[in-house]
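Below is one structure, written out as structure tokens; comments come after it.
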Amino acid sequence: EDQVTQSPEALRLQEGESSSLNCSYTVSGLRGLFWYRQDPGKGPEFLFTLYSAGEEKEKERLKATLTKKESFLHITAPKPEDSATYLCAVQGGDNFNKFYFGSGTKLNVKP
Amino acid sequence: ETGVTQSPTHLIKTRGQQVTLRCSSQSGHNTVSWYQQALGQGPQFIFQYYREEENGRGNFPPRFSGLQFPNYSSELNVNALELDDSALYLCASSSPGQGGNTIYFGEGSWLTVV
């Protein structure tokens with residue numbers, strides 16, 4: 001069964017304390033892996049798309065990496081404004097138009 | 001800002017009623033998909049429309065239906081509302097072939113069924 005699992009469910013960091021979020025997936029025929037940021041009451045905001053194992057993308061304090069079974073979102077020296085829920089999604093499987101989302105990691109960065 | 005706009009932003013309906021949610025896609029995007037997001041969960045795929053035809057559907061019953069118009073805007077209709085339909089309904093647009101398969105979300109419509 002195609003699915004996406006994110007860990008941890010919640011993460012509390014001090015400002016400046018770097019960490020990583022994990023997204024593991026099982027899907028046949030991966031067409032892409034996507035990271036989104038979602039603030040409370042808002043729609044998900046696109047961050048990165050990764051297409052193949054070994055690929056990396058960076059944006060400010062965020063860096064996303066991809067292997068054949070999982071992706072990591074590394075957050076370097078986070079700031080309070082990085083607090084949000086980070087969602088991972090994969091596209092693939094039998095219904096190739098469908099994005100499978102994980103339940104997200106809720107990140108709280110304390111000043 | 002993604003350019004995907006949804007309306008209404010919030011609404012309250014009674015069980016058994018029907019609701020229509022609307023979405024305008026980002027300029028240049030010809031594909032629209034709809035997702036349901038329950039509190040504390042990730043979005044769940046409802047269906048996708050491309051060139052006014054449904055071309056993919058998730059595990060939602062037939063009382064969830066949609067339309068796409070020639071200008072690529074879209075509607076999500078839900079009949080016979082149930083309490084469990086209370087959720088954030090997200091519309092996302094994309095243009096396959098331009099920059100990959102990335103979908104861009106609107107801010108969503110919050111539906112409460114009482």
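Quick note: numbers below take in every heavy atom, side chains included, and nothing from hydrogens, waters or symmetry partners. In what follows, chains are A, B, ... by sequence order, proteins preceding strands, each numbered from 1. Note that this is a predicted model, so its numbers are computed, not measured.
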Worksheet, complete the sentence: Heavy-atom nearest pair, B:Gly42 first then A:Leu87, reads CA-CD2, 4.3 Å
Discussion item. Are B:Val113 and B:Leu76 connected into the same hydrophobic cluster when the rule is that any two of I, L, V, M, F, W, Y join if their side-chain heavy atoms are below 4.5 Å apart?
Written reply: yes
Practice prompt. For the residue pair B:Thr102 and A:Phe99, establish whether any side-chain heavy-atom pair is separated by less than 4.5 Å.
Written response: no
Response to the item:
side-chain contact (heavy atoms from CB on, under 4.5 Å) test vs B:Ile103 passes for just one of A:Phe34, A:Tyr36, A:Phe46, namely A:Tyr36
Worksheet item: For the hydrophobic clusters of this structure (ILVMFWY residues joined by side-chain heavy atoms under 4.5 Å, transitively), does one cluster hold both B:Leu67 and B:Val32?
Response: no
Item to complete: Let me know if A:Gln6 has heavy atoms under 4.5 Å from chain B in its side chain, its backbone, both or neither.
Response: neither
Discussion item. I'd like to know if A:Phe72 and A:Leu11 are part of one continuous hydrophobic network [Ile/Leu/Val/Met/Phe/Trp/Tyr, side-chain heavy atoms within less than 4.5 Å].
Written reply: no
Item to complete: Give the member of B:Cys91, B:Pro43, B:Gly108, B:Ser94 that has the highest number of heavy-atom pairs under 4.5 Å with chain A.
Response: B:Pro43
Worksheet item: Minimum heavy-atom separation for B:Leu88 to A:Gln38, with atom names?
Response: CD2-NE2, 4.0 Å
Worksheet item: Should we count CZ of B:Arg63 as having more than 12 external heavy atoms under 6.0 Å?
Response: yes
Discussion item. Donor-acceptor check, side chain of B:Glu107 to backbone of A:Gly43, threshold 3.5 angstrom: yes or no?
Written reply: yes
Worksheet item: Is A:Val90 reachable from A:Leu73 through a run of hydrophobic residues whose side-chain heavy atoms are each under 4.5 Å from the next?
Response: yes
Worksheet item: With a cut-off of 6.0 Å (strictly less than), are more than 12 heavy atoms of other residues, nucleotides or ligands near CZ of B:Phe47?
Response: yes
Worksheet item: Under 6.0 Å from the CG atom of B:Asn59, do we count more than 12 heavy atoms belonging to anything else shown?
Response: no
Practice prompt. Heavy-atom distances under 4.5 Å only: say whether B:Gln6 touches chain A with side chain, backbone, both or neither.
Written response: neither
Discussion item. Taking side chain as everything from C-beta outward and backbone as N, CA, C, O, which of these in B:Tyr35 sits under 4.5 Å from a heavy atom of chain A? Side chain, backbone, both or neither.
Written reply: side chain
